[in-house]
Amino acid sequence: MSLLEVNNLHTHFRTDDGIVKAVDGVSFTVEKGKTLGIVGESGSGKSVTCLTIMGLNSKRTAITSGEALFKGEDLLKMGSRRLREIRGNDMAMIFQDPMTSLNPVHTIGRQLIEAILLHRDVTKKVAKARAVELLEAVGIPRARRRFDDYPHQFSGGMRQRVMIAMALVNDPDLLIADEPTTALDVTTQAQILKLMKTLQQEFGSAIIMITHDLGVVAETADDVVVMYAAKVVEKAPVAEIFNRPRMPYTWGLLGSLPRLDADVERLVQIPGQPPSLLTPPRGCRFHPRCPYVMSVCRSEEPQLVNVPGIDDHLQACHLDEDTKRREAEKLLEGTLAEAS
Amino acid sequence: MLRFLIRRLLWAVFLFIAVTLVTYVIFFLAPSNPERIICGGERARTECLEQARKELALDRPIVIQYEKFLERLVIHRDLGKSYITQQSVNSIIKDAAPVTASLVFGGAILWMMIGLSVGILSALRPRSLLDRAAMVFVLIGVSAHPVWIGLIFSYFFGAKLGWTPITGYCDAFNPPQGLGCGGIVDWAWHMVLPWATFAILFAALYVRMVRANVMETMNEDFVRTARAKGAPETTVMRSHILRNALLPVVTMLGMDIGIALGGAIFTEAVYTLPGLGRTAVVAIDQYDLPIVQGVVVFGTLTIITFNLLVDILYAFIDPRIRLS
């Protein structure tokens, strides 16, 4: 049994302008101790997917359907009491902006202890010892002394470490990281990613790594889900995605990746804007921006199917296999040629 | 923390000197003849006038006069004597202050109770019936003048229904002899309508402020973090939302108590409560400057003290202020 199995997940939001279909039929699985990368542009539905799994969307506006089986239990159908037991205990989340994710009026120690005491029946002293242990594990210098400091006394990178400590304090099986490095500078980004990898080995947690940065995916993920306009457009192990990408949107993402080893004058960008999720384009949602667009793309929605011969690689594109193989090879050759 | 306190205290002293100076100068530059008021108006005798002038040091420069005033105030804590009744201003204020304090603090408790409960409930259920009703109440509260509200209240609840006294004040602890009214119950009984009248405006403002602050804080990232930790909604509300949303309310309360002292004049006038506001209004009518000045000085001191208390309190509840 997979640790998390998401099937045909839909999350729609009621707004004044109409229904926004933020997540529209997303399926994936996360295996024990593995890392799943979810990649896509802003507004592609990656964050909402995970907030839905955690049950953190506003109940007033969100309409959810499908299933999210966590160790066999459907997170979407369980009562709020059971969900609270799982949240922060078996399943934890860290967020994009460490500057605003900690409560400014409580010490970080108090916030860590709160996370422990919500799920464990232990004394404050035991909880404090555990909290300090975690702060040391995430590399906060002089953890015991900094325990009674407030969030504003920490830098962004340090706050993200505190958030990670808080998420791991109850030894969760699944850690959802929503762009954990986006708000940090590049050196700090690398440190945090390294830290997460080390901790993953230590704690054995599975990770869902949400990012728009393929570099982060290459470094951390075992499997990759590419999302575009609320749908999954490609899904494969990480080596497959980088070696045999099968979807023009993924090519675009790969092409826009800055490379230190290649002397490229400009980054290739995907033309146009992500579509509105109020009224998404008919057919393939990527067709208005796709350089390979055909007439079938405008009318018929491509299904997420196996790449012939490779059963863990799924893609949703009308292009024929030969063209796809040729274009993918050209893309790879291009980057290799630039590199040499 | 100590430096913060010292800075605040110095600022309070400076504020006090500035306000007393301004009130002193304004009142003594106003075209009045204090000596004439003391000696009984137009037909005052010359000897009386001369003696009064000497006593008030009106023949000396204004700087000396102010210095004497400050000296009397700071060293002897004496606010002078009324021109008209020759009664000590200290004792006039001592009689009037508890009345105003009853009105303002009772009103503040009432408006905070309404503001917090209705504001939080409104924020939890925006666009609900309760929220809409609360917003109508806010509109009425901020638009209606306390004098009008006071008259309506005393007409309906006092005169028509006979539920409460129409006007007047009862002392809770030291009732004057032979008035046939006194003690806590009578006091509260007489204060019910004034409290309600006085609290409506601020209750409306606080409902709106609490609602807006709570709604804003509910969308903060750290509230989502708290939920992600598995905290139940009551904990999220108490320890994460309210703790942050009510910080500005504390500051506002400190400042509004000061503003409320001024607003108390209207309520005191409608219900003929012998408080500071009414005392000041009567004194201004009669050009009884020492009383007016006494009320202003006392009011200033009260407001400065409150602001100081709030600043200190705020430093304790908001860690970001304490250290910066």
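Quick caveat, the model's predicted, so the values are computed rather than measured. Here is how names work: the chains are called A, B, and so on, in the same order as the sequence lines, proteins then strands, and each is numbered from 1.
Other residues, nucleotides and ligands contribute at most 12 non-hydrogen atoms within 6.0 Å of the CZ atom of B/R125. Around CG of B/L10, the count of heavy atoms belonging to other residues, nucleotides or ligands within 6.0 Å exceeds 12. Counting heavy atoms of neighbouring residues, nucleotides and ligands inside a 6.0 Å radius, atom CZ of A/F203 exceeds 12 of them. In A/R120, the CZ atom is crowded: over 12 heavy atoms of neighbouring residues, nucleotides or ligands sit closer than 6.0 Å. Counting heavy-atom neighbours within 6.0 Å of A/K71 NZ, excluding the residue itself, gives a total above 12. The local environment of NZ in A/K32 is sparse, with at most 12 non-hydrogen atoms from other residues, nucleotides or ligands closer than 6.0 Å.
A side-chain contact (heavy atoms from CB on, under 4.5 Å) with B/K229 holds for exactly one of A/R87, A/Q111, A/H119; it is A/Q111.
Between A/P104 and B/P319, the closest heavy-atom pair is O-CG, 3.5 Å. Heavy-atom minimum distance, B/S239 versus A/R110: OG-NH2, 3.7 Å.
For the pair B/I317/A/V105, no side-chain contact is recorded, criterion being any heavy-atom separation below 4.5 Å from C-beta on.
Taking CG of A/N103 as the start and OG1 of B/T225 as the end, the distance is 9.0 Å to the nearest 0.5 Å. For the atom pair OG (A/S101) and CD (B/E220), the distance works out to 10.0 Å, reported to the nearest 0.5 Å.
For residues 45-64 of chain A, heavy-atom neighbours of chain B at less than 4.5 Å comprise A/L51, A/M54, A/L56, A/R60, sorted by residue number.
When heavy atoms are compared at a cutoff of 4.5 Å, A/A92 does not approach chain B at all. For A/L102, the part sitting under 4.5 Å from any heavy atom of chain B is the backbone (N, CA, C, O) and nothing else. Only the side chain of A/M163 has a heavy atom closer than 4.5 Å to any heavy atom of chain B.
Side-chain contact, B/H240 with A/E114: a donor N or O sits under 3.5 Å from an acceptor N or O.
Chain B forms the most heavy-atom pairs under 4.5 Å with one residue out of A/T107, A/T100, A/V169, and that residue is A/T100.
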Let's go through A/H106 and B/R243 carefully: what are the C-alpha distance in whole Å and the side-chain angles of both, what is the deciding distance for side-chain contact (heavy atoms from CB on, under 4.5 Å) to 0.1 Å, and is it a yes or a no? CA-CA 9 Å; A/H106 294 319; B/R243 187 68 170 64; 4.1 Å; yes
